[in-house]
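Report on the following structure.
Quick note on labels: first sequence line is chain A, next is B, and so on, each numbered from 1.
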Amino acid sequence: MTLDELSLVALYSAMAVYALAFMAFAIDLARRSATVERELEYRTSASLRVGVSLTALAALLHFAAAMLRGFAAHRVPWANMYEFAMTGTLLIVSVFLVVIWVSKVDLRFLGTFITGLVLLFLGVASVNFYVAVVPLPPALQSAWLVIHVFVATSATGFFALGFALSVLQLLQSRRETAGTGPRFLATLPDAERLENFAYRINIVGFILWTFTLMAGAIWAERAWGRYWGWDTKEVWTFIIWTLFAGYIHARATRGWRGTRASWLAIVGFSAVIFNFTVVNLFFKGLHAYSGLS
Amino acid sequence: MSRPSDYIDSRPELPDGGAPARNVPLNAVGWARWAWTQLTSMRTALVLLLLLAIAAVPGSLVPQRSSDPNGVSQYFVNNPQLAPVLDWFGMFEVYSSVWFSAIYILLFISLIGCVVPRAKHHWEAMRSQPPATPMRLDRLPGFVTLESTATSDETMAAAERALRTARYRVQRFDRDAPSLSAERGYIRETGNLVFHLSLVGVLVAVAFGGGFGYTGQRTVVSGQSFVNTLASYDSFNPGRWFHDGQLDPFSVRLDDLAVTYETENSAALGQPIDYLASVTVTEPDGSEEPRAIRVNDPLRTNGADIYLLGNGYAPTLTVRDPAGNVVFTDSVPFLPQDAKLTSLGVIKIPDGLASQIGMVGFFYPTQAEGANKAYYSAFPDLEYPMVTLNVFSGDLGLDAGKPTSVYQLDTSTMTQLNGRKVGTESIELRPGETEDLPNGLGTVTFDDARGANATTSDYTGSVKRFASLQIHHDPSRTWVLVFSLTALAGLLTSLFVARRRLWVKILDDGRRIELAGLARGDDPRLESAIADISRQLPSSRPTEGTVG
Ligand code: HEM
């Protein structure tokens, strides 16, 4: 078996374990709903711990897959869509694991969302985006590839968590005012705290995104002869940056904190996903590195 | 007023949004003041930011003249009805359009109007002492009470020490009871101001660089030089305030362009791995220096940056009249049409032959034949090179005074003399070969660039390459970077440094200590900060609230 084939095996194994983790997290949510229904107090269930352990295990396999791909290609494993997806989702999971480990607040309830998202992306990537290992074209042979893309994908990891928290914030605040929504919400922090967590996570994403934008400009100056040229990908990086700047402002504007700010975070993350998928695949520009034709 | 009135921590806004009160006559000054307040409000800044994001979208959907001029021409061809309408709205130049500019100019006016008063206020706040301790602390966040056996003075001294170590600015008050009022994190606001002002810096620097800079393109065949004067550019885009005197007359000779292709990995055969242009730079004072240009590694010299943006082959062709006199000889850049470098070139010969002729040629670095007998290139390197030429005679249109492209031949008024279309063979040449032109016009030779060392067993080096160079000068690039970095530093400070006030009050002659704090902006650690200080006070234990 070649290294690349081994990498695929590791990746498929990781996906299987993510699927199990997803189920464990989903069971936890179901148990939360059940305890609320029976008016019992929710205590963190075993399935939550199982979910986290399985996620960590899957992340290890996932990491092995990325490393093997890198060894197979003799370079960093993020130079085309397939590799972006593989490494990007690995970073999303890593950000999640680090955040739940560091955070004093229990944010493990985000597991269903994160493992689901990662599974979805890995599925699409391995089926539709897979390309054999090819060498880097000269424009990508740069230390900036390592920095720029790594930071951009880490930012995506934070925005993903921020997105999930913002969605929950919306649901929670609706539950608080109208009393509707899934029952497990009662076991989660209240809307205001969810919003504060979302903010703290999104600002980390925003800083990383600012850095991505700047590093991209420095690289573009070296590779394309100008630091900014409104290439489609540059346009979307700018749009995302501006949306999140708007989000941070919204948090500080009377009448915008809360629901409206959450919507902005949701729109912002949607733009990130749009940028990664639609813009990469269908828009014409200098950043045509999907490796697909 | 230090912050916009709709800032989240400001006093509530008037219900009518601060519009001039009804009983005040609505004079111009009143309305101007009202408009200014609106423009510098948080809401306006937010809406303008969102508008800017939305306004940027169309530029990614429709090709832009600045980055993709050919795409724009193509768009006009494909959508003849729609394109002029879009053009009228500036859709092909979104980022310099009136509406896009209007949004960001308003945004920056709002920014300056917002930041300047805040900077003034912050300057004063930084030099004044923390405000007096509130009478009642028990309503404030993080409130705790401790019991103590230490004297009031001991506690005060310990609290002051703890606060100063944690970098608080401390002021003692003795109104109702001895107390300390402390504040930290002024630098949060400083960071915020630095961030916003740096954005202004970036904008100004970008505008300045665009105005005084220039960008030019030039195609150089190996062995040729290019002198940095206006006349030698193929295309040149100066900034608004550019003047010719800015061009330093240095020159660059392309000695060699080496391209490495993937030959092993079957999934990527022929993919370029490396480009290396070896050049000699001649300084204005005449001194020479060998240098290199790579993709990702431009040549920086005399305030200009030279980039290697494209490459291709430039077959050397020589045309002789029937008597054997040379009427044309040149290395002609052929433009690559695909990844395997099938390339298209045009040769125009207005003088010296019986009629004006134009030739349209294809170059195949590794010529191969497809099923339908059409030729294609199987590999981008020189394995089995061939030029094919179709000859046209008639008016080249060079005298009409209309600008014509050297890469295009308008054949509408010309007669095709050979090629499939007229039922004869195209001229096919390998390096070193000569053939007759049709109608006895003369001969054409594909010269082998290796001269006397030519062999037909290995074609390496038989055809010259050309490099497309971009020469760029941007006088303010460094400033853009500097302001970006100060913006980043400001951002980090303002998002991660907590600004908070903390109070310590001593009651009952030192037997009871109260602490409370107030966050200004997001502050996840307010309570733990209070707990931290309280732990450093002499022999105390909590009676109310929690000390974590
Ligand atoms: C180019 C336009 C602008 C951009 C990109 C921008 C971006 C940002 C960012 C990223 C932050 C968070 C980081 C920090 O606090 O330093 C921020 C905060 C802030 N901005 Fe702006 N801003 C812009 C214009 C404005 C304008 C016009 C105003 C005034 C109306 C304004 C007022 C504020 C205030 C008061 C904060 C502090 C928010 C807080 O306390 O959390 N900004 N801005």
Subject >> chain B contacts, top residue of A/I203, A/I240, A/I248 (heavy-atom pairs, under 4.5 Å) >> reply: A/I203
Original post:
With a cut-off of 6.0 Å (strictly less than), are more than 12 heavy atoms of other residues, nucleotides or ligands near CH2 of A/W144?
Top reply: yes
Original post:
Below 4.5 Å, heavy atoms only, C-beta onward: do A/Q141 and B/I273 meet side chain to side chain?
Top reply: yes
Original post:
So, the side chain of A/R254 versus the backbone of B/Y7: is there a donor-acceptor pair under 3.5 Å, distance only?
Top reply: yes
Original post:
If you count heavy-atom pairs under 4.5 Å with chain A, which of B/P298, B/G209, B/A45 comes out on top?
Top reply: B/P298
Subject >> A/F211 and B/L488: CA distance, side-chain angles, deciding distance, side chain to side chain contact (heavy atoms under 4.5 Å, CB included) verdict >> reply: CA-CA 8 Å; A/F211 185 83; B/L488 187 62; 4.0 Å; yes
**OP:** Give, as side chain, backbone, both or neither, the part of A/W241 having an atom under 4.5 angstrom from any heavy atom of chain B.
**Re:** side chain
Subject >> Pick from A/T253, A/V133, A/V204 with the largest number of heavy-atom pairs that fall under 4.5 Å of chain B >> reply: A/T253
Subject >> Structural part of A/L264 lying under 4.5 Å from a heavy atom of chain B >> reply: side chain
Original post:
Stepwise, does the side chain to side chain contact (heavy atoms under 4.5 Å, CB included) test hold for A/F206 with B/L491?
Top reply: CA-CA 10 Å; A/F206 181 74; B/L491 191 62; 3.7 Å; yes
**OP:** Determine whether A/W228 and B/V206 make a side-chain contact, defined as any pair of heavy atoms from C-beta on separated by less than 4.5 Å.
**Re:** no
Original post:
With respect to chain B, which residue among A/A132, A/G246, A/P135, A/G255 yields the maximal number of heavy-atom pairs within a distance under 4.5 Å?
Top reply: A/P135
Subject >> Atom group of A/W236 that falls short of 4.5 Å from chain B, counting heavy atoms >> reply: side chain
Original post:
Does B/D474 use its side chain to pair, donor to acceptor, with the backbone of A/R226 at less than 3.5 Å?
Top reply: no
Original post:
For B/V480, is it the side chain, the backbone, both, or neither that has a heavy atom closer than 4.5 Å to a heavy atom of chain A?
Top reply: side chain
Original post:
Would you say the side-chain atoms of B/N296 and A/W219 include a donor-acceptor pair closer than 3.5 Å?
Top reply: yes
Subject >> Greater than 12 external heavy atoms within 6.0 Å of B/F108's CZ >> reply: yes
Original post:
Nearest 0.5 Å, what's the CZ-OG1 distance between B/F195 and A/T210?
Top reply: 6.5 Å
**OP:** Compute whether any side-chain donor of one residue and acceptor of the other, for A/W230 and B/S66, lie under 3.5 angstrom apart.
**Re:** no
Original post:
In Å and rounded to the nearest 0.5 Å, what is the CH2 to NE2 distance from A/W224 to B/H472?
Top reply: 14.0 Å
**OP:** Identify which part of B/P524 has an atom lying under 4.5 Å from any heavy atom of chain A, answering side chain, backbone, both or neither.
**Re:** both
**OP:** Considering non-hydrogen atoms only, spot the tightest contact between B/L485 and A/M214 and give its length.
**Re:** CD2-CE, 3.7 Å
Original post:
Any donor and acceptor pair, going by atom type alone, linking the side chain of B/Y307 with main-chain N or O of A/E221 inside 3.5 Å?
Top reply: yes
Subject >> Non-hydrogen atoms of B/A53 and A/I239 that approach each other most closely >> reply: O-CG1, 3.6 Å
**OP:** Could you check B/L276, B/V295, B/T260 and say which one makes a side-chain contact (heavy atoms from CB on, under 4.5 Å) with A/P138?
**Re:** B/V295
Subject >> Engaged part of B/R300 at the chain A interface, taking heavy atoms whose separation is under 4.5 Å >> reply: side chain
Original post:
Where on B/Q64 is there a heavy atom nearer than 4.5 Å to chain A: the side chain, the backbone, both, or neither?
Top reply: neither
Subject >> Close side-chain approach of B/L481 to A/Y227, heavy-atom, < 4.5 Å >> reply: no
Original post:
In terms of heavy-atom proximity below 4.5 Å to chain A, should B/L495 be classed as side chain, backbone, both, or neither?
Top reply: both
Original post:
What is the distance from atom CG of A/L136 to atom CD of B/Q271, rounded to the nearest 0.5 Å?
Top reply: 8.0 Å
Original post:
Taking atom CZ of A/F274 and atom OG of B/S60, what is their separation to the nearest 0.5 Å?
Top reply: 7.0 Å
Original post:
More than 12 heavy atoms of other residues, nucleotides or ligands under 6.0 Å from CD of A/E192: is that the case?
Top reply: no
Original post:
Heavy-atom distance under 4.5 Å to chain B: side chain of A/R251, backbone, both or neither?
Top reply: both
Original post:
Quick one: of A/V235, A/L243, A/L213, A/N196, who has the most non-hydrogen atom pairs under 4.5 Å with chain B?
Top reply: A/V235
**OP:** Measure A/I218 against the heavy atoms of chain B and call it side chain, backbone, both or neither at under 4.5 Å.
**Re:** side chain
Original post:
When rounded to the nearest 0.5 angstrom, what is the spacing between NE2 in A/H249 and CG in B/L48?
Top reply: 11.0 Å
Original post:
With respect to chain B, which residue among A/G229, A/A271, A/S142 yields the maximal number of heavy-atom pairs within a distance under 4.5 Å?
Top reply: A/S142
Subject >> More than 12 heavy atoms from other groups under 6.0 Å of CZ on A/F150 >> reply: no
**OP:** Supply the atom-to-atom distance A/W256 CH2 to B/R43 CZ, rounded to the nearest 0.5 angstrom.
**Re:** 9.5 Å
Subject >> Region of B/L492 that comes under 4.5 Å of a non-hydrogen atom in chain A >> reply: both
